[in-house]
Amino acid sequence: MKNIKNLVLGRIIPLATAGVLCLYTLGCSGRMSTSDTKTVPEVLEQTTSNTDNEVFSSISYSNNNESESLVDTLANLEQSINRYNLLKDVKFSDKGYDELTEEQQASIDAYTPEDIQELLDLLESDTLNENEIADTMQLLYRIKEHDIKLIDEEGLSIVESGYIAAIKSEACDALSITSDEYKSVRIEKVIDESAPIVSVNQNNEKIGYELQGVYASATNDLYNLQYDMYSGGKELSFSEKLDLIEKGLINIKSVLVSNPEVRTESFFFTQTDVIDSDVSKSEAHEQIKVR
């Protein structure tokens with residue numbers, strides 16, 4: 001990494017540093033977090049299906065009349081979560097910090113979690129002078145503020161889009177549907193205790209496929225997420241949102257590494273077309289883990 005003077009976003013007015021920094025600790029809940037897993041782009045690179053990769057990579061995410069690749073949007077959200085988890089226990093000055101310039105603000109996303117960890121390590125060392133400590137603390141504060149805003153305001157919506165895209169992409173893969181036909185695939189509303197279903201228009205006929213295994217689990221989690229988002233019940237805290245978002249990102253990546261297959265199940269006089277995977281949820285988790 002570059003010298004701290006080159007890495008920090010320009011020169012920032014020094015602040016008094018007494019009591020600014022305390023030792024930080026990283027929680028260890030035993031639950032898989034985004035930092036334990038590969039990124040969405042890395043997961044897509046390891047998928048064996050060109051159809052799945054092509055369809056998912058072709059999808060855009062729109063917000064505030066701006067549109068960008070859903071893959072890039074998910075990757076930015078993951079980076080913000082991983083940076084926030086590194087910074088959440090750092091004690092910052094209660095005297096406030098100057099705003100970054102527009103140019104500096106635009107450069108925030110260039111800082112990887114690895115950069116953040118290195119900056120934290122430098123702050124724990126004796127190698128920085130008082131001005132450099134103040135500059136670094138101000139930068140980290142603004143990065144944390146930026147990440148909290150993204151997670152809190154857009155995180156659930158981004159994950160919802162990721163769930164839908166991943167589930168529908170797997171259906172496209174199973175049914176040999178191209179990205180041009182992606183919009184014909186629909187995740188149907190569940191009635192009572194019935195299994196989740198995706199439908200597709202084929203030969204002017206709407207055909208339903210029951211989702212099982214990893215896909216059923218992810219679809220049910222999507223329904224639960226949407227209930228929390230739109231039911232009008234209690235307002236979710238930041239911590240609750242973060243838990244749902246991290247769980248969602250892991251589920252999305254688990255879906256993307258699963259290999260879909262179509263089969264027909266017979267029960268007495270009825271037949272059901274099913275989309276399932278030979279990869280279990282635990283096996284999918286192993287595949288997306290950082291080695």
Side-chain angles (χ1 to χ4, degrees), residues 34 37 39-41 43-44 47 49 51-64 66-78 81 150-151 153-191 194-201 206-231 236 241 243-260 262 274-277 281 284 288:
T34 55
T37 63
T39 65
V40 169
V43 166
L44 281 173
T47 58
S49 167
T51 301
D52 190 22
N53 198 325
E54 175 198 342
V55 173
F56 193 87
S57 299
S58 70
I59 299 167
S60 297
Y61 175 80
S62 299
N63 183 52
N64 295 328
E66 295 184 2
S67 182
E68 67 174 342
S69 160
L70 177 61
V71 173
D72 291 341
T73 304
L74 288 164
N76 287 337
L77 177 60
E78 287 184 276
I81 290 171
L150 175 65
I151 294 165
E153 295 183 2
E154 295 186 54
L156 291 176
S157 176
I158 293 170
V159 165
E160 179 191 25
S161 297
Y163 264 123
I164 294 169
I167 294 163
K168 290 174 63 172
S169 295
E170 290 294 300
C172 289
D173 188 10
L175 302 170
S176 299
I177 294 174
T178 66
S179 57
D180 293 335
E181 302 170 285
Y182 170 83
K183 290 184 178 179
S184 72
V185 180
R186 294 182 58 86
I187 301 173
E188 299 293 342
K189 183 177 180 180
V190 170
I191 300 174
S194 58
I197 292 174
V198 292
S199 67
V200 60
N201 292 321
K206 184 177 179 180
I207 302 175
Y209 295 85
E210 181 179 303
L211 297 175
Q212 294 187 2
V214 173
Y215 309 126
S217 176
T219 307
N220 286 326
D221 284 335
L222 166 63
Y223 293 144
N224 291 333
L225 177 74
Q226 290 175 325
Y227 178 82
D228 287 331
M229 291 175 67
Y230 305 120
S231 69
L236 295 172
K241 288 181 182 179
D243 284 345
L244 287 170
I245 292 165
E246 287 206 81
K247 179 181 179 181
L249 288 167
I250 291 166
N251 284 339
I252 290 164
K253 288 181 274 191
S254 296
V255 165
L256 291 173
V257 297
S258 302
N259 302 314
V262 180
V274 171
I275 297 178
D276 198 355
S277 172
K281 192 169 184 176
I288 66 173

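As the structure is a computational prediction, the values presented were derived from the model and not from experiment. One-based numbering along the sequence shown.
- Contact of the Lys168 side chain with the Ile177 side chain is not registered, since no non-hydrogen atoms from C-beta on lie closer than 4.5 Å.
- Of the inter-residue distances, the one linking Thr34 atom OG1 with Lys253 atom NZ reads 6.5 Å to the nearest 0.5 angstrom.
- Note that CD1 of Ile245 and CG of Leu74 are 11.0 Å apart. Values are rounded to the nearest 0.5 Å.
- Taking Gln212 as the reference, Glu210, Arg263, Glu265 meet the side-chain hydrogen bond (donor to acceptor under 3.5 Å, both in side chains) condition, with sequence neighbours excluded.
- Taking the side chain as every heavy atom from C-beta outward, Phe56 and Val255 never approach each other to under 4.5 Å.
- Looking only at side-chain heavy atoms (C-beta outward), Asp173 and Thr47 stay at 4.5 Å or farther from each other.
- Residues Ile275 and Glu170 are not in side-chain contact: their nearest non-hydrogen atoms beyond the backbone lie 4.5 Å or more apart.
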Subject >> side chain to side chain contact (heavy atoms under 4.5 Å, CB included) between Val159 and Met229, intermediate numbers included >> reply: CA-CA 11 Å; Val159 165; Met229 291 175 67; over 6 Å; no

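- Of all heavy-atom pairs spanning Tyr230 and Glu160, the tightest one is OH-OE1, 2.8 Å.
- Pro196 has its side chain out of reach of Ile187: every pair of non-hydrogen atoms, C-beta onward, lies at least 4.5 Å apart.
- Closest of all the heavy-atom pairs between Glu78 and Val40 is OE1-N, 3.0 Å.
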Original post:
For Asn201 and Glu181, what are the C-alpha separation, side-chain angles and deciding distance, and is it a side chain to side chain contact (heavy atoms under 4.5 Å, CB included)?
Top reply: CA-CA 9 Å; Asn201 292 321; Glu181 302 170 285; over 6 Å; no

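- To the nearest 0.5 Å, atom CD1 of residue Ile158 and atom CG of residue Asn63 are 7.5 Å apart.
- Residues Leu156 and Lys241 share a closest heavy-atom pair of CD1-CG, 3.9 Å.
- In this structure, the side chains of Ile288 and Leu256 stay at 4.5 Å or more apart for every pair of heavy atoms.
- Here the side chains of Glu68 and Asn76 are in contact, with some heavy-atom distance below 4.5 Å.
- Note that CG of Leu77 and OG of Ser161 are 11.0 Å apart. Values are rounded to the nearest 0.5 Å.
- In this structure, CG on Leu249 lies 10.5 Å from OG on Ser254, to the nearest 0.5 angstrom.
- Closest approach of Val185 to Ala171, counting heavy atoms only: CG1-CB, 4.1 Å.
- Counting heavy atoms from C-beta outward, Tyr215 and Val198 have side chains that stay 4.5 Å or more apart.
- A donor-acceptor pair under 3.5 Å is formed between the side chain of Ser58 and the backbone N or O of Val55.
- Contact record, Ala165 with Ile59: CB-CD1, 3.5 Å, taken as the closest heavy-atom pair.
- Rounded to the nearest 0.5 angstrom, Leu211 CG and Ser277 OG are separated by 11.5 Å.
- Of all heavy-atom pairs spanning Tyr209 and Val200, the tightest one is CE1-CG1, 3.7 Å.
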